[in-house]
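Single-structure report; data block below.
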Amino acid sequence: MSKNMTKDKLLLIDGNSVAFRAFFAMYQQLDKFKNAEGLHTNAIYAFKNMLDVVLKQEAPTKVLVAFDAGKVTFRTGMYKEYKGGRDKTPVELSEQLPYIREMLKDLGIKSYELVNYEADDIIGTLAKRGAEAGMEVAVVSGDKDLTQLASDHVTVYVTKSGVTKLEAFTPEHMKEVNGVTPTEFIDMKALMGDPSDNYPGVAKVGPKIASKLIQQYHSVENLYEHVGEMKKSKLKENLIAGKDNALLGKKLATINCDSPVEVTLDDLTYSGPNVDDLRRFYEKMNFRRFLADLAKAGELTEETTEVKKQEYTVLTANNLGEIPDSDHAVFYLAMLGDNYHQAPFAGFALAMGDKTFVSRDVALLKEEKLKTLLEDKKVEKDVFDLKRVTYGLSRLDIQAAGMTFDLLLASYLVDNEKNSNDLGELVKGYDYFDLKSDLEVYGKGKSAKIPEADEVFFNHLAGKIAAIKALKAPLLAKLKDHEQDDLFDTIEMPTAKVLAKMELNGIKAEPAKLKELEDDFGERLKALEEKIYQEAGEKFNINSPKQLGVILFEKLGLPVIKKTKTGYSTSVEVLDQLKEKSPVVSDILEYRQIAKIQSTYVKGLLDVIDPEDGKIHTRYLQTLTATGRLSSVDPNLQNIPTRTEEGKQIRKAFVPSTPDGYIYSCDYSQVELRVLAHVSGDANMQEAFKTGYDIHAHTAMRIFHLNSIDEVTPLERRRAKAVNFGIVYGISDYGLSKNLGISRKQAKEFIAEYFDQYPGIKAYMDQAVKDAREKGYAETIMHRRRYLPDIHAKNFNVRSFAERTAINSPIQGSAADIMKIAMINMQKKLDELGLKTKMVVQVHDELIFDVPKDELETVKKIVPEVMQSAVQLDVPLIADSGYGHDWYDAK
DNA sequence: ATTCTCACG
DNA sequence: ACGTACGTGAGAATA
């Protein structure tokens, strides 16, 4: 251990390359990031983000950002084409560079450049000096040239996809990536050349061959001493012919670690920003986010200026009379944790008239005055996360009513990405900074806790009320502007109320059935395990893809079909192809399947049965998906197995809550294709649905040119079905070929034929992409939006993905809209008829009911009726149903 | 915390 | 030529 307690840590940053990465990382935002004078600021902003990450991660005591001084360097003296032929730096970037330096100055970080040398040489020199002085050195760059500096004391970080993700190059990591040491990497580069720096290297030598050669010879010089001993080959000829290039490449690639850098390590001491200068700079750049951060940091040190001081009255049993009468209220219920089914209560805030009340004591809510108010539908309440509040109050035996505005739902509809469940976090997206996030106030994960200081917690609670008040009007205006008022008032708000009911209902689960399955599967797993160990010749963890990979691809020598970024892929897709080669593969597949069911479903579900009522209460996330679907968590009841018989057994554990009752299930038939037929207006597909044909068979008949549906073979139907699905996802020939195991060419023909037969579909797809490009978003039949900024991306993959999304989202999203309407109508109908039947689960296109014996006939009649009449499309909506004494039998 | 794998519509 | 199907959540291993 060094006796120096605070060991110096030196951080060196390659300013130009990081700025370059920063600029392109936020290139899509180029037009959004402009200050009042029209200066682009995206690179400055991203540069600062990178700095924040690195400063936090490294906590350096000394920092320097090195810049290139100009085009002419000692390297251009050796080779005048060095870095020649490069595209000019875009002006949008170069105009930002002086400001990055200005910001660095305000941040208290030294910038430096040296005539005739590159930033790399400055960094190399200082890294060497730092390491010699016993410091830990961290280098950050946007390209890999600097990785040659990696050593025991120097770690080189290279930005990865964006600027805030960094890949750490240590000597070990260099070895993994390139197979050579950091210094040998120079020799590798010498052989390969560097097209971006515009020097050639040896012909036909790329990373693979260069790595192999250097691993064998360790340096360019040594390689050429032994080149004569090599067997006659094209490579040998190329090496001999390229000798001068290789030697030149080595000179160019080598960083000069003894450059005449005048700054000393002592000059680099980092002691934090000049806050006033920095504030002025952020103001000039219009960086509201950083300004807010600055304000926050100020509070932490000064403690005198809190976020924003809120006015509030602490409510007790004795001053309830101070609550003014009003027909309008804002209410917030605080619980610690996401899972409001069990999260402990922390307090509440209530605004009536112009007064705001707060308390830690939720028992107060049960007091006559407050309970009445909360249950009075004539008192309109604004809340954040209606479903959470409803469920929470219900735990206190309060049946909330009159909630007419949920800020979370409104925000989600306006922009589905502005959906944080943390109010403080969400409002930052609307430039509202007077409320801290729960994360900041309570902390994270296990250590999260409600502040003990009343002034902190109550101010936070009152701040929530203020935030809801402040953002209600602008959000309502946006909803109106988007023509989403109907979606909000008649679909999303009522859906939240229905979901709260469903969550409270829960579905009854039979632990005995699950235990029985647990034993069965346990035995099967044990037997399979033994068998697999035998076949493999050793024991290993079958659940570990890494260990399994070693067994299959190294020990047994099976062909590697696919790799993941960390090793061999052992997915079903791969194993399916290896089944014939070794009997162990089938056993592994079977083991995997059973193990999945055992751990996720059998054990997982046993853990979440409520001991109080024997039911499973999932939570539906209403503001999560990009398309408007729900999702289900803790546990997820939307992915209960159905595709294999073993898996299906799980469904036998889901039972009615009444003796001799039924589980009744009703699902839409082909909703998404019906929606597609509707929105596209394609006459042929509409005709098929109107006539009541089997849609996949009908598609098969058309694309394979058969005379009647009766001629369709099962294979043809299967293929047509896959095409129909593909269409909904924004088809590609590659995807279809992979799915069907046919050639890409054949897949292409299927698609062409499909578009020929359903010309309206093709037109829809083109139009969907065009609309998204023009409007910037895709939209459902009920005006639900999904913004698609990537539709303008330059990168083909990114753009293509956005285009497929533009096709898929209106379809998936409209189907989700329809289901929500059906659920609302359904709950209304159940209430009207005073039935005891409960809606308990939704699985996207399917609803599950818990039905008492004597209500079955009624349910059989009304459920399909309500679902089929949810909306009026140009094609009929059909719902199929089934029932039984458990979910398994309800098909 | 991230990656892989696999369950569902 | 690019490298993909659309939308989710959870458990186990590994880092």
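Lettering of chains follows the sequences in order, A, B, ..., and the numbering in each one begins at 1.
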So what does [X] touch, heavy atoms closer than 4.0 Å: a base, only the sugar-phosphate, or nothing?
X      : value
A:A747 : nothing
A:F801 : sugar-phosphate
A:N541 : sugar-phosphate
A:T570 : sugar-phosphate
A:V843 : sugar-phosphate
A:N808 : sugar-phosphate
A:G730 : nothing
A:R643 : base
A:I807 : nothing
A:Q593 : sugar-phosphate
A:R786 : sugar-phosphate

Side-chain donor-acceptor pair under 3.5 Å between [X] and [Y], yes or no?
X      : Y      : value
A:K770 : A:Q767 : no
A:S809 : A:Y777 : no
A:E58  : A:Y157 : yes
A:E554 : A:Y568 : yes

Residue closer to the 5' end of DNA chain C, A:K596 versus A:S544 (nearest nucleotide): A:K596
Salt bridge check, [Y] against [X]: does any charged N sit closer than 4.0 Å to a carboxylate O?
X      : Y      : answer
A:K56  : A:D52  : no
A:K615 : A:D610 : no
A:K652 : A:E510 : no
A:E716 : A:R719 : no

Check: residues 792-799 of chain A side-chain donor-acceptor pairs under 3.5 Å, at least two apart:
{"residue": "A:H792", "atom": "NE2", "partner": "A:R773", "partner atom": "O", "Å": "3.4"}
{"residue": "A:K794", "atom": "NZ", "partner": "A:Y27", "partner atom": "OH", "Å": "3.3"}
{"residue": "A:N795", "atom": "OD1", "partner": "A:N797", "partner atom": "N", "Å": "2.8"}
{"residue": "A:N795", "atom": "OD1", "partner": "A:V798", "partner atom": "N", "Å": "3.1"}
{"residue": "A:R799", "atom": "NH1", "partner": "A:A793", "partner atom": "O", "Å": "3.0"}
{"residue": "A:R799", "atom": "NH1", "partner": "A:K794", "partner atom": "O", "Å": "3.2"}

Parallel, tilted or perpendicular: rings of A:H341 and A:H617 (30°, 60°): perpendicular
Residues which pass ring pair (Phe, Tyr, Trp, His ring centres under 6.0 Å) with A:Y668, listed by chain and number, not counting sequence neighbours: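 A:Y668: no ring pair (Phe, Tyr, Trp, His ring centres under 6.0 Å) contacts found.
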Please list, chain by chain and in numerical order, all residues satisfying side chain to side chain contact (heavy atoms under 4.5 Å, CB included) with [X], sequence neighbours excluded.
X      : result
A:D634 : A:N339, A:R619
A:D889 : A:D886
A:K745 : A:S743, A:E749
A:S586 : A:K579

Within 45° cone and under 6.0 Å: A:K721 NZ/CZ vs A:F725 ring: no
When the [atom1] atoms of [M] and [N] are compared, how many Å lie between them, rounded to an integer?
N     : M     : atom1 : result
B:dC6 : C:dA5 : P     : 15 Å
C:dT4 : B:dT3 : P     : 16 Å
B:dA7 : C:dC2 : P     : 32 Å

Stretch residues 616-634 of chain A: residues that reach within less than 4.0 Å of DNA chain C through a heavy atom: A:L621, A:L624, A:T625, A:A626, A:T627, A:R629, A:S631, A:S632, A:V633, A:D634
DNA chain C stem ranges, 3 or more consecutive Watson-Crick or G-U pairs under 3.5 angstrom: B:1-9 with C:6-14
Neighbours of DNA chain B within residues 597-604 of chain A, by heavy-atom distance under 4.0 Å: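 Residues of residues 597-604 of chain A under 4.0 Å from DNA chain B: A:Y601.
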Outermost nucleotides of DNA chain B that come under 4.0 Å of a non-hydrogen atom of chain A: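 Range of nucleotides within reach of chain A: B:dT3 to B:dG9.
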Listed partners of A:D850 passing side-chain hydrogen bond (donor to acceptor under 3.5 Å, both in side chains), at least two apart: A:S657
Start and end of chain A contact along DNA chain C [non-hydrogen atoms, under 4.0 Å]: C:dC2 to C:dA15
